[in-house]
Amino acid sequence: MIWAIIASYVALVVGIGAWSSRRGTGTAEDYFLAGRSLGTVVLFMALFGTNVTAFGMLGFPGFAYREGVGVFGFFGASAAFVSPLLFILLGYPIWNIGKRNRFVTQAQMFRSRWDSRGVGVVLTVFPILYTFLYMGAGVIGGALAISEFAGIAYPFAALTVTGTAFVYTSLGGMRGTAWTNVLQAGLFLVFLVVAAAWIANALGGPSHLHQRLVTEAPQLLSQRDEGVLAPASWAFGFLLGPASVIAFPHMFHRLLAARNVKALRRSIHLYPWALILLFVPVTMLGLWGALEFPDLSGKATERVLPLLMLKHLPEWLAGIGLVAILAAVMSSLDAQLLTLSTIFAVDVFARGGRPSRWVGRIVLLVLAAVALAIALWQPATIVGISLYAFGGYTLLIPIFVAGFFWPRSTGKGVIVASVVGHGLWTAYHAGKFLGPAWDLDLPSPILPPIVWCLLIECGLLVGGSLLTRRPDSERVERFARPFA
Amino acid sequence: MMRWLLVVAVFVLMFLHNDFWNRDHEPRAVFGWVPWDLAYHVAWVGAGALLLAVVMRVAWGRSS
């Protein structure tokens, strides 16, 4: 039965991709940005589906299993406020100025802002690097879960994930991926709510489970004073994850596809509530899983949701659960593939000329192969890769802020600040990857490393801009009044 | 003036997110099963959603 459900899901998303390709006008802008025509429901589901990865479905219940209920406040609540706040403050200028000047990528927008090819290179190289790794981490997480859950070989699971996402993304472009995201995000949200209710009922009801938690695992019902949830880590935790969402090139790309300000406004209003609907069930499932399977440790804790599903859900619902995990993985992967192919088609191959959707499709195939190769290679843990990518994205935010709100900022200031900031962050993580001899000893006990990198980057951006020639006022004018 | 008040409100909300006063308390539940910590942060998100609506209205002006 599980195979029939998976096959139905694959046929459905490929069908949506094919249907979308017939609805398009055939232009490159239509393929890459759906003609900037996404209304409220599709835009919201595309943003939300793109944002939620295998971490939401598998990593987060494991996180709650290990660290307790505090993970909801630490990450879930923080994401539900900080991400939409940055959509308001930076997302609207991205959409508004992008539409006004017909920009398609981050590099195109900010290269134009400072008339600097160097800024274009910075905003091509770093986003590509982080997105490649983050995309690989998503495929690794999804393929591991599927191979374990459905009992198939890991390489075949990775091929299924990337192959399916490639086919429908290639067929439907932005419109196809946005519509599949409606299906995917709806599927995993509804599944999580139903699964939480079903499993709670099977285990004696939520009040009974709370009593069991009080007697058997009271430490899971309050925040910890050490580890990830320690006060210092908690205070700056929003910088890795919740804040970085606005700088994901694939979220940036989705924002540009909004039809109008009404669609953008309504999507932002819905965002906090959708994240509550996601993170409350996965937190509770992690806690209840700790009662049911108390002996899991380390990475095995991320199996807690599949274990609960297999033990307490009927086969048909568990099959839908597997597809919901696939949906969470693919709803991000398709956006990442499309955005990277857009970056290559627009910033690398077209270079100011008209991008070709066929170049985009060919690049898409190469990118899907690279994502598969990263997934097969498994260079580091999923968490390690994701943290590096999240921090890197966060370091792009000062560029956006300077571009929209500081007319005195200069391209040279941005380049120096970015190269040092991203270089330091990369050196810090490369040191961890290469071993103790290479470990860069940033003073992390006082402030987390990402805060140091941000402070240094912002200092260099301000200093470098003030020490270099004032930018051309006509160019600044094109980016003036970002909220007008 | 309104913009500065909103900046202060965002900082106050972020401070309330660091709820050290909820650490190491006896296990409590809302409605008999929702852990207190979870309920606190859901309420915090609710307050955040209201603040977001005001920030949007002020920052986006007539376009919102």
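Sequence lines set the chain letters: A, B, ... in the order given, protein chains first and strands last, and positions in each chain run from 1.
Contact annotation: the side chain of A:F72 approaches that of B:V42 to within less than 4.5 Å [non-hydrogen atoms, C-beta and beyond]. Counting heavy atoms from C-beta outward, B:L52 and A:I88 have side chains that approach closer than 4.5 Å. For the pair A:F81/B:L51, a side-chain contact is recorded, criterion being any heavy-atom separation below 4.5 Å from C-beta on.
Atoms NE2 and CZ, on B:H41 and A:F75 in that order, are 14.5 Å from each other to the nearest 0.5 Å. The OG atom of A:S222 sits 7.5 Å away from atom CG of B:D37, with the distance rounded to the nearest 0.5 Å. How far CZ of B:F31 is from NE2 of A:H210: 13.0 Å, rounded to the nearest 0.5 Å. Annotation: the span from A:N96 atom CG to B:W60 atom CH2 amounts to 9.5 Å, rounded to 0.5 Å.
Few gaps surround CH2 on B:W21; more than 12 heavy atoms of other groups in view lie less than 6.0 Å from it. Heavy atoms from other residues, nucleotides or ligands lying under 6.0 Å from CH2 of B:W36 number 12 at most.
For a residue to count as touching a neighbouring chain, one of its non-hydrogen atoms must lie under 4.5 Å from one of that chain's; by this rule A:L85 touches chain B with backbone and side chain alike. Of the two parts of A:A64, neither the backbone nor the side chain holds a non-hydrogen atom closer than 4.5 Å to a non-hydrogen atom of chain B. Interface remark: A:V71 contributes no atoms to any contact with chain B (heavy atom separation under 4.5 Å). For a residue to count as touching a neighbouring chain, one of its non-hydrogen atoms must lie under 4.5 Å from one of that chain's; by this rule A:F74 touches chain B with the backbone only. Contacts between A:T283 and chain B at a heavy-atom distance below 4.5 Å involve the side chain alone, from C-beta outward.
Between chain A and the options B:D19, B:V34, B:V10, heavy-atom pairs under 4.5 Å are most frequent for B:D19. With respect to chain B, the highest number of heavy-atom pairs below 4.5 Å among A:P272, A:P218, A:P206 belongs to A:P206.
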- Carefully, step by step, assess A:Y92 and B:M56 under the rule side chain to side chain contact (heavy atoms under 4.5 Å, CB included). CA-CA 10 Å; A:Y92 183 89; B:M56 189 189 289; over 6 Å; no
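Nearest heavy-atom pair, A:W273 versus B:A49, reported as atom, atom and distance to 0.1 Å: CZ2-CB, 3.5 Å. Here the closest heavy-atom approach between residue B:N18 and residue A:A235 is recorded as OD1-CA, 3.2 Å.
Between B:W33 and A:H208, the distance from one ring center to the other does not fall under 6.0 angstrom.
Using modelled atom types, one side-chain atom of A:W234 and one backbone atom of B:H17 make a donor-acceptor pair closer than 3.5 Å.
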